[in-house]
Amino acid sequence: MTPEIPDEVLRRARLGDRAAFRALAEALLKYTFNLSYRMTYNAADAEDLTQEILLRLFQNLGRYDAAQPFLPWFRRVATNCALNWKERLANRRTAPLDPELAPGVEGASPSDPSERLRQAVQDLPAEYQTCLALRYLENLGVAEIASTMKVPVGTVKTWLFRAREALKERLKPHMERIV
Amino acid sequence: MTCDEWRLFLQDYLDGALSEPAKAAIDRHLAECEGCFADARAHRKVQSWLAEQPEIEPPAGLADRVMARLSRPAPGWRRELARIAAAAALLVGLGAAAAIATPRERIESVRPPVTLEAPSLGPLLEAAGWRP
Ligand SMILES: [Zn+2]
């Protein structure tokens with residue numbers, strides 16, 4: 001999924017034109033919401049994060065260098081914002097969960113493999129979630145993910161591998177039901 | 001091909017990016033090794049689940065809510081403004097109370113050194129980024 005941004009909309013939005021910024025936000029809305037959903041797997045959190053990302057875009061649009069392609073720049077703004085947002089959320093939610101509700105607790109895990117995987121992704125470190133979102137939402141290559149996240153290519157490979165390993169381990173005990 | 005070796009090619013194997021002989025070598029190992037066969041199946045399941053996650057539609061009105069948030073100061077600034085306004089009201093109130101309840105000669109000692117009055121808030125708020 002790759003959003004299409006008309007040049008004229010971008011140019012006018014950079015000059016502070018509200019209507020153009022709205023058009024820009026609308027052009028980016030579905031992409032941003034899907035990216036946010038894959039960082040949260042929760043519709044309410046995804047909406048909150050989408051709003052944060054688009055507000056951050058508005059605040060930073062003046063710093064965007066129009067000589068550079070827009071989407072890679074926006075991806076960096078969005079993923080930075082998402083990682084900060086997840087950190088703040090983690091700090092707010094450090095209170096111990098009710099063990100009955102905590103994910104991964106035997107007996108509380110859903111039997112639906114798709115739901116188990118969703119829970120497993122929710123439990124991954126935010127950096128792994130970002131890699132997975134960029135890789136599987138947009139089919140981005142490892143090099144593009146690395147330049148978005150400003151980390152070495154090897155780090156992205158390691159994160160993607162560990163993420164899939166962790167998901168696979170969560171799924172494995174239930175493989176006989178999936179085939 | 002050993003249990004460790006084939007894993008080095010796992011991603012390309014899952015992506016279907018391996019040469020035919022390399023793929024055949026891995027398939028031979030998986031056919032003989034129950035543990036690796038289960039492992040490869042789990043990896044394939046995870047890969048296809050990740051790749052097949054449907055795109056979802058944003059909730060109705062989300063663009064409106066984003067634009068509405070652009071039109072008001074950030075929550076941090078709103079708290080700050082409320083604090084400034086409360087402090088100003090308190091100072092003005094203190095001054096008035098002092099004027100009423102205190103003998104004239106004590107007013108100077110009660111009155112705070114700096115008195116914020118409503119008209120002086122304008123430039124302060126503007127400096128704080130507030131746009132009425
Ligand atoms: Zn083996």
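Convention: sequence-line order gives letters A, B, ...; per-chain numbering from 1. Computed from a predicted structure; not experimentally measured.
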Next on the checklist: Please check: side-chain N/O of B:D39 versus main-chain N/O of B:G35, any donor-acceptor pairing under 3.5 Å?
Outcome noted: no
Checklist entry - When you measure from the side chain of A:Q122 to the backbone N and O of A:Y41, does any donor-acceptor pair fall under 3.5 Å? => result yes
Item to check | Contacts with chain B made by residues 20-40 of chain A (heavy-atom distance under 4.5 Å), listed by residue number | outcome: A:F21, A:R22, A:E26, A:L29, A:K30, A:F33, A:N34, A:Y37, A:R38
Checklist outcome for this item: Of all heavy-atom pairs linking A:Q129 and A:L124, the shortest is NE2-O, 3.5 Å
Checklist entry - Of the listed residues (B:R44, B:E52, B:E57), which shares the most heavy-atom pairs with chain A below a 4.5 Å separation? => result B:E57
Item to check | Pair A:E165 + A:R162: basic N to acidic O under 4.0 Å | outcome: no
Next on the checklist: Can you confirm whether A:R63 is buried at CZ, in the sense that more than 12 heavy atoms of other residues, nucleotides or ligands lie under 6.0 Å from that atom?
Outcome noted: no
Item to check | Winner by heavy-atom pair count (cut-off under 4.5 Å) against chain B, out of A:L54, A:L55, A:L137 | outcome: A:L55
Checklist entry - Can you tell me if CD on A:E4 sees more than 12 non-hydrogen neighbours from other groups inside 6.0 Å? => result no
Item to check | Name of the residue among A:D65, A:D7, A:I5 meeting side-chain contact (heavy atoms from CB on, under 4.5 Å) with A:F70 | outcome: A:I5
Checklist entry - Under a 4.5 Å heavy-atom cut-off, does chain B meet the side chain of A:R135, its backbone, both or neither? => result side chain
